[in-house]
Number of protein chains: 2
Amino acid sequence: MAARAVATERPKTRMRILAACRRLFNERGPAAVTTAEIAASVGINEGNLYYHFQRKEQIVEALFAEFEHGFRDVAAAYSPGADDPRHYRDYFAGWFNLMWEWRFFYRDGAAVDRMAPRLRRHLKALADDGQAQVRRVLHGMAAAALIRASPQEIEMLVVNGWIIATYWIDYLRSRHGIAAIRREHIDWGAAQAMGLFLPYLTPRGRAVVELARSATA
Amino acid sequence: MAARAVATERPKTRMRILAACRRLFNERGPAAVTTAEIAASVGINEGNLYYHFQRKEQIVEALFAEFEHGFRDVAAAYSPGADDPRHYRDYFAGWFNLMWEWRFFYRDGAAVDRMAPRLRRHLKALADDGQAQVRRVLHGMAAAALIRASPQEIEMLVVNGWIIATYWIDYLRSRHGIAAIRREHIDWGAAQAMGLFLPYLTPRGRAVVELARSATA
DNA sequence: GTCTATAATGAGATAGAC
DNA sequence: GTCTATCTCATTATAGAC
C-alpha cells in the first residue's frame, strides 16, 4: 500500500506500467499478456515500455519485489504469544488478502518460473520463511490453548494449510470454471482452509473460526 | 495401459507422437515444447508431424482423451460396500498413479486451458465425476466404520483432499524446487493427503494408513 | 506417409529521431 | 522520456515433390 519510492527513483510511467501489469497478469497470467497489450493498456508506445523495462522478464521481477514486501509484512504481523482469537483471525486473513492481490504468482507459478527463472530461489526462500512463520503461529495457538495438536500434527497442518491456501484460486478455475476471481471467492477459500483445523480446535479455538465467519473484511 | 486402437486406426507414428508428447509435456509443460522439438524427439520431420496433427492443440486433445479413459478407469475401480482396508488403499493409490502419469495436466492447468480451451468443459465434467466418486468412497468408508465423520466433514475432506492431491506436484516445484518428479515424490504426496484423515480414523481405519505406508506399489 | 521447402504469424526487442 | 520504424527470431502451419 505504501508508496515505496526507492531512493533516486521518481518516474511515474514505470509505476503505471507495473500497476497495469499486475492487473493484467492477475486477470490472464503473464504468459498470455503481450508487451503490445501492456503498452496499449498503459496508454504508451511499445518502444517507451522497453525504455523502462528492457525485458518482459524484468517486469515480472519488479512485481515480485513488491510481492515480497507484502509477503514479509503479512508474515511480520504476528505478535508472538498472542492469545486473543481475533489476532489469529486477522493474521490468517492477511495471508488470504495477499493471495488475492498477487493471485497470478499463485495461479501461474509454472509460467512465472519459465519466464523469470531467477525468481525461483527467491520464491523458495519466501515460502521457507512464510511456512516457518505459520508454523510458529500454530505453535502459538497451541500454547494459547486454541488448538490441541502434537508437533507432528502441526507439521501436517502447516503443509496442508499452505497447499489449500496457495492453490485455492487455481482450484476454483479448474473445478468450478471460475476465471474472474472476486473477493467472495477468497473468503470461501479461507473457510475451506479453516476446515483443516476443526478437529483440533479447543472450545476457545472455535472462537477464531466463528470470528472469521462473521468477518466482513 | 491397453492398446485402445480405435476401429479403423492403425498408424504407428501417431502413437509415437503421442507417447513422445506425453513424456515431453510431463517434463516441461506443453507450452514450453515446440513442434520442432516434438518432431525431432519422434525422429520424424516437422511436416510429417503436421500430417498427423494439423494443430498442436489437437495433440493436447488427443492426450486428454487418453487421460480421460485412465481417469474413468481409476474412478470405476471402487467396489461399493467394500470394507477391506486394502481396497481403499489401492483405490487411493490409483488416483496418485494417474496423477503421476499425466502430471502435466495437473501442473500446467492454466497453460492447457489457454492452448486447448475446448477441453475446459471436459475437464470440469471429469472433476465433477471424480469428486462425486471420492465422496461416495468416503461415505463407504464411514459405512464400513473406517472413518467417523459427518456429511459436512466428509464434504470438507473431499475438497481438501482433492486440492492436496491435485496440486501436490506444483507444490513440490514451488516449495522444494523439485522439477523432476519421481515416484517417491508421489508417494510422499499420498502420505501428506492421508494426514487429512487422521483425526477421523477409527482403529480399523488406521489399517488403511498403515497399509499405504508399507506399500511398495 | 514422409520428406523438403517455405510461408505466415506474432512476439520480444532495438535504433534513432524528436 | 516518448515516439516511429524496423529487426530478429522462434514457432506454427502449408504446399507440393517423392
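Keep in mind the model is a prediction, meaning the values are calculated, not measured. Lettering follows sequence order; numbering is per chain, from 1.
Using a 3.5 Å distance cut-off with no hydrogens or angles, the side chains of Y91(A) and W95(A) do pair a donor with an acceptor.
In this structure R182(A) satisfies the side chain to side chain contact (heavy atoms under 4.5 Å, CB included) test together with E184(A), H185(A), sequence neighbours excluded. A116(B) pairs by the side chain to side chain contact (heavy atoms under 4.5 Å, CB included) definition with E57(B), V60(B), E61(B), L119(B), not counting sequence neighbours. For the salt bridge (charged side-chain N to carboxylate O under 4.0 Å, His left out) test, residues two or more places apart in sequence or in another chain that qualify with R175(A) are D128(B). Listed by chain and residue number, Q58(A) satisfy the side chain to side chain contact (heavy atoms under 4.5 Å, CB included) test with Q54(A) (two or more places apart in sequence, or in another chain). Contacts of D129(A) classified as side chain to side chain contact (heavy atoms under 4.5 Å, CB included), with partners at least two apart in sequence or in another chain: R72(A). Residues meeting the side chain to side chain donor-acceptor pair (under 3.5 Å) test with R55(B), sequence neighbours left out: none. Considering only residues two or more places apart in sequence or on other chains, H176(B) meets the ring-ring contact (aromatic ring centres under 6.0 Å, His included) condition with Y171(B), W188(B).
Note: CE (M115(B)) to C1' (dT11(D)) measures 11 Å, nearest angstrom. Spacing between atom CZ of F53(A) and atom C1' of dG1(D) amounts to 14 Å, rounded to whole angstrom units. Atom-to-atom, NE2 of H52(B) to P of dA13(D) comes out at 16 Å; the value is rounded to the nearest Å.
Using a 4.5 Å cut-off on side-chain heavy atoms (C-beta onward), F53(B) and T35(B) make no contact.
Note on residues 156-170 of chain A: pairs passing salt bridge (charged side-chain N to carboxylate O under 4.0 Å, His left out), not counting sequence neighbours, are D170(A)-R173(A). Listed by first and then second residue, the salt bridge (charged side-chain N to carboxylate O under 4.0 Å, His left out) pairs that reach into residues 90-100 of chain B come to none, sequence neighbours excluded.
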Tabulate protein N/O versus nucleotide N/O from nucleotides 8-10 of chain C, keeping only pairs under 3.5 Å, one per line.
none

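Between Y51(B) and dG1(C) there is a side-chain N or O to OP1 or OP2 distance below 4.0 Å. Close to dT14(D), at under 4.0 Å from its OP1 or OP2, lies no side-chain N or O of Y50(B). Contact annotation: T35(A) side-chain N/O to dG12(C) OP1/OP2 distance is under 4.0 Å.
Of the residues in residues 54-63 of chain B, not one places a heavy atom less than 4.0 Å from an atom of DNA chain C. Proximity of residues 37-49 of chain B to DNA chain C (heavy atom under 4.0 angstrom from any strand atom) is restricted to I44(B), N45(B), G47(B), N48(B).
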